[in-house]
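Report on the following structure.
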Amino acid sequence: MKLPMPIAIQTTQPDVSFQSHSVSRSELAASTHPTRLAARLDPELSAATVVQLQKCARLQPRLAELLLGNDMDWNRIGWGPDLLRGHDPRRAALLAGSIWHARSLLKVVSQRDLARLVERIGADAHAFGIRHLAHAIADKLISDPEKLALQIEHDGHACLGAWLNIRPALERNRVLLRLPLGTAAENPAPEHDGASSGLFSLVIAHFEMESP
């Protein structure tokens, strides 16, 4: 008896690459700082409205395309690991800025001034800077805790911007979009260019220890 020929059943496999890109775009849109998205859509939009748009899963891929450029070939973009291992870029900037001004951190000794400083930059950034005193950059000491906190934030963001400037555009923008508009990351000075690599090697090593 002749057996019937087997029937080939064609199944449709999901496009894993497309799904991966879609998920990455959704995450990027959701994590973007509202000021960045408002600047692209309408500066008059309230922060609450922008956040609601970011939460809409249907809109997220389109918002990401708007943020990164409509002319990009999304099917060919390689989404590598996040440069900051998913950590908050502001925290990364504060860690780098604390190393930059580590000599000044040592001079803040009164309990009142120390409390004011730690409130602004965080206890982990304060400890991190002192721990890496040997890599401090700034020689000029700042005794006022408020001014010191502002300068730590400024130089830290500038170092972050300089470090990102030598990275691929997509990976750089994925980090910058998580920062509000107007930080020093957008305009680092030449002095930050020279120091950023060494400081951020320490910051990234710290992140890798926190989240292996």
Side-chain angles (χ1 to χ4, degrees), residues 27-28 30-37 47 81-167 171-212:
E27 291 174 350
L28 182 140
S31 64
T32 293
H33 195 275
T35 59
R36 299 272 180 181
L37 191 54
D82 180 73
L83 292 174
L84 295 181
R85 313 301 193 262
H87 289 269
D88 179 8
R90 181 177 183 273
R91 180 175 176 237
L94 290 175
L95 291 174
S98 292
I99 302 176
W100 188 286
H101 291 281
R103 294 186 182 97
S104 290
L105 290 179
L106 282 179
K107 298 299 180 181
V108 181
V109 292
S110 79
Q111 289 285 43
R112 181 183 176 187
D113 287 348
L114 185 58
R116 289 165 62 194
L117 178 64
V118 167
E119 185 179 5
R120 292 289 301 273
I121 68 171
D124 59 336
H126 178 264
F128 187 75
I130 292 177
R131 190 160 68 247
H132 293 94
L133 177 64
H135 301 277
I137 305 296
D139 290 320
K140 183 179 178 181
L141 300 180
I142 304 173
S143 57
D144 182 86
E146 297 291 338
K147 291 181 180 178
L148 178 56
L150 286 172
Q151 204 59 47
I152 285 172
E153 189 165 3
H154 172 85
D155 288 312
H157 277 94
C159 278
L160 174 59
W163 181 71
L164 291 172
N165 279 344
I166 60 174
R167 299 304 191 268
E171 306 306 323
R172 178 174 68 246
N173 288 331
R174 285 171 66 189
V175 174
L176 286 175
L177 285 172
R178 303 204 298 269
L179 288 171
L181 285 172
T183 71
E186 296 166 17
N187 295 292
E191 61 185 353
H192 300 110
D193 291 338
S196 63
S197 180
L199 295 188
F200 266 88
S201 66
L202 297 171
V203 172
I204 297 303
H206 180 65
F207 286 159
E208 288 176 341
M209 279 183 31
E210 283 189 334
S211 308

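In this structure, N173 has no side-chain hydrogen bond (donor to acceptor under 3.5 Å, both in side chains) partners at least two apart in sequence or on a different chain. T35 meets the side-chain hydrogen bond (donor to acceptor under 3.5 Å, both in side chains) test with H33; sequence neighbours excluded. Among residues two or more places apart in sequence or in another chain, the ring pair (Phe, Tyr, Trp, His ring centres under 6.0 Å) test is passed with H206 by F128. Not counting sequence neighbours, E119 has no partner by the side-chain hydrogen bond (donor to acceptor under 3.5 Å, both in side chains) test. A search for side chain to side chain contact (heavy atoms under 4.5 Å, CB included) contacts involving A158 returns A184, P188, H192, not counting sequence neighbours.
Identified under the side chain to side chain donor-acceptor pair (under 3.5 Å) test for residues 101-110, with sequence neighbours left out: H101-D155, R103-D139, S110-D113. Pairs engaging residues 120-132 under the side chain to side chain donor-acceptor pair (under 3.5 Å) rule: R91-D124, R120-E146 [sequence neighbours left out]. Screening residues 184-200 for salt bridge (Lys or Arg N to Asp or Glu O under 4.0 Å), with sequence neighbours left out, gives R36-E186. Residues in residues 139-165 take part in these ring-ring contact (aromatic ring centres under 6.0 Å, His included) pairs, two or more places apart or across chains: W163-F200.
Nearest heavy-atom pair across S98 and I121 is OG-CD1, 3.9 Å. Minimum heavy-atom separation, A96 to L199: O-CD1, 3.8 Å. Considering every non-hydrogen atom in both P89 and L160, the closest pair reads O-CD2, 3.7 Å. L148 and I142 get closest at one heavy-atom pair: N-CG2, 3.6 Å. Annotation for L37 and T32: closest pair N-CG2, 4.2 Å, computed over non-hydrogen atoms.
Here CG of L164 is found 7.0 Å from CG of L84. Values are rounded to the nearest 0.5 Å. The line from CG of L141 to CG of L106 is 9.5 Å long, rounded to the nearest 0.5 Å. Here the CG atom belonging to L95 is positioned 12.0 Å from the SG atom belonging to C159, to the nearest 0.5 angstrom. The CD1 atom of I99 lies 7.5 Å from the NE2 atom of H135; values are rounded to the nearest 0.5 Å. Remark: I166 CD1 to S197 OG distance equals 6.0 Å, nearest 0.5 Å.
Put simply, the side chain of L105 does not reach to within 4.5 Å of the side chain of L133, judged on heavy atoms. Counting only heavy atoms from C-beta outward, the side chains of R178 and D82 approach each other to under 4.5 Å. A heavy-atom distance below 4.5 Å is not found between the side chains of E210 and R85.
Panel note: side chain R90, backbone E153; no donor-acceptor pair is recorded below 3.5 Å. At least one donor-acceptor pair under 3.5 Å links the side chain of R172 to the backbone N or O of R167.
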